[in-house]
Amino acid sequence: MPYVTAAVVFICQEMIAVLLFPLLSRWLGPKGQRAWDPLSIFKGIIERLVLFTALIHSYPQMLIAFGAMKLGTRLHDEQDARISNTYFLVGNLLSIFLAMVAAIITQKCWGA
């Protein structure tokens, strides 16, 4: 039953993300790129799900792995840098923040 609570919290977090990330994309994102890219949305959901799952099970080390993966993929794509560093940083920090808040809420609901 506790995972039902976790699923509800995660879905609510993703509904907030669906509203925030297109705004962030319009504000800081590259010009001419659409805000509702299905592949980017899917990758963001998977990233936040992995972080959320790790955090509710007390594996904060996943934040380090997440940072290393994001940096590694960013360095590889640096040749055709369409995305500004500010957009990249703010987007990732917002994603981590959403996962952390959802994990804290879930753990409070679980009584941990």
Quiz item: What's the shortest heavy-atom distance between A17 and P22, and which atoms?
Solution: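 The pair with the smallest heavy-atom distance is O-CD, 4.0 Å.
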Self-check item: For the student: nearest non-hydrogen atoms of T5 and C109, plus distance
Solution: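 Here T5 and C109 meet closest at CG2-CB, 3.6 Å.
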Quiz prompt | Any side-chain heavy-atom pair of L19 and L23 under 4.5 Å | solution =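 Sidechains of L23 and L19: no contact.
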Exercise. Any chance you could lay out the side-chain contact (heavy atoms from CB on, under 4.5 Å) test for F66 and N92, step after step, and finish with the verdict?
Key: CA-CA 10 Å; F66 176 79; N92 284 303; 3.8 Å; yes
Rounded distance [0.5 Å steps], [atom1] in [X] versus [atom2] in [Y]:
X: F52; Y: I104; atom1: CZ; atom2: CD1; answer: 11.0 Å
X: L51; Y: M62; atom1: CG; atom2: CE; answer: 6.0 Å
X: T86; Y: L24; atom1: OG1; atom2: CG; answer: 10.5 Å
X: T53; Y: F10; atom1: OG1; atom2: CZ; answer: 7.0 Å
X: L49; Y: Q13; atom1: CG; atom2: CD; answer: 9.0 Å
X: E14; Y: I45; atom1: CD; atom2: CD1; answer: 5.0 Å

Tell me whether [Y] is reachable from [X] by hopping between hydrophobic residues (I, L, V, M, F, W, Y) whose side-chain heavy atoms are closer than 4.5 Å.
X: I16; Y: L94; value: yes
X: F97; Y: I105; value: yes
X: L55; Y: V101; value: no

Self-check item: Over 12 non-hydrogen atoms of neighbours within 6.0 angstrom of CE in M100
Solution: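 Atom CE in M100 is not crowded, with 12 or fewer foreign heavy atoms closer than 6.0 Å.
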Quiz item: Hey, is the main chain of I96 close enough, under 3.5 Å, to the side chain of E47 for a donor-acceptor pair?
Solution: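 Absent.
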Exercise. For the pair S95 (side chain) and G91 (backbone), establish whether a donor and an acceptor sit closer than 3.5 Å, ignoring hydrogens and angles.
Key: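 A pair under 3.5 Å: no.
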Practice problem: Output, in order, the C-alpha distance, side-chain angles, deciding distance and verdict of side-chain contact (heavy atoms from CB on, under 4.5 Å) for S40 and F21. | Solution: CA-CA 10 Å; S40 295; F21 281 105; over 6 Å; no
Self-check item: Aromatic plane relationship, H57 with W110 - under 30° parallel, 30 to 60° tilted, over 60° perpendicular
Solution: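 W110 and H57: tilted rings.
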